[in-house]
Amino acid sequence: MNSGELTGVVIAAALAVLAFGVTRFAVRHFARRRAAKDQLAEPATQSRQVRRATERRKQQATTRTK
């Protein structure tokens, strides 16, 4: 393998690592955004009774730990 071929292999490997990193960052970023968006939309789809029961459970959990 001459120097030109070796340089091409090194450049290809570097680009593959860079593409993997960018893809991983993008997937995590958009997954985090989607989770936040779903969490905001979740209370709107619940009934008032379910929301109040959830709030009560949260309050009871915080008063027990004190």
Side-chain angles (χ1 to χ4, degrees):
M1 188 182 292
N2 66 16
S3 178
E5 290 176 359
L6 187 59
T7 302
V9 169
V10 170
I11 289 172
L15 286 175
V17 169
L18 182 65
F20 175 77
V22 168
T23 302
R24 184 173 176 169
F25 174 79
V27 166
R28 286 185 174 189
H29 172 74
F30 288 111
R32 203 175 296 132
R33 279 184 55 190
R34 185 174 187 170
K37 185 191 240 183
D38 290 347
Q39 195 173 26
L40 288 176
E42 187 177 298
T45 59
Q46 293 178 340
S47 69
R48 186 182 310 163
Q49 185 178 7
V50 171
R51 278 189 304 238
R52 287 181 178 170
T54 304
E55 289 171 9
R56 252 194 320 273
R57 269 188 249 120
K58 284 181 183 177
Q59 286 178 349
Q60 288 174 352
T62 57
T63 56
R64 284 184 201 153
T65 58
K66 289 182 180 177

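Residue numbers count from 1 along this sequence. Values reported hereafter were calculated over all heavy atoms of this structure, with side chains retained and with hydrogens, waters and symmetry mates removed.
- Once rounded to the nearest 0.5 Å, the distance linking CD of E55 with CD of Q59 reads 7.0 Å.
- Annotation for Q49: atom CD does not count as buried by contact number, only 12 or fewer foreign heavy atoms lying within 6.0 Å.
- To the nearest 0.5 angstrom, R56 atom CZ is 8.5 Å from R52 atom CZ.
- Summarising the geometry, atom CZ belonging to F30 is positioned 9.0 Å from atom CZ belonging to F25; distances are rounded to the nearest 0.5 Å.
- Put simply, the side chain of V27 does not reach to within 4.5 Å of the side chain of R24, judged on heavy atoms.
- The distance from atom CZ of R57 to atom OG1 of T62, rounded to the nearest 0.5 Å, is 13.5 Å.
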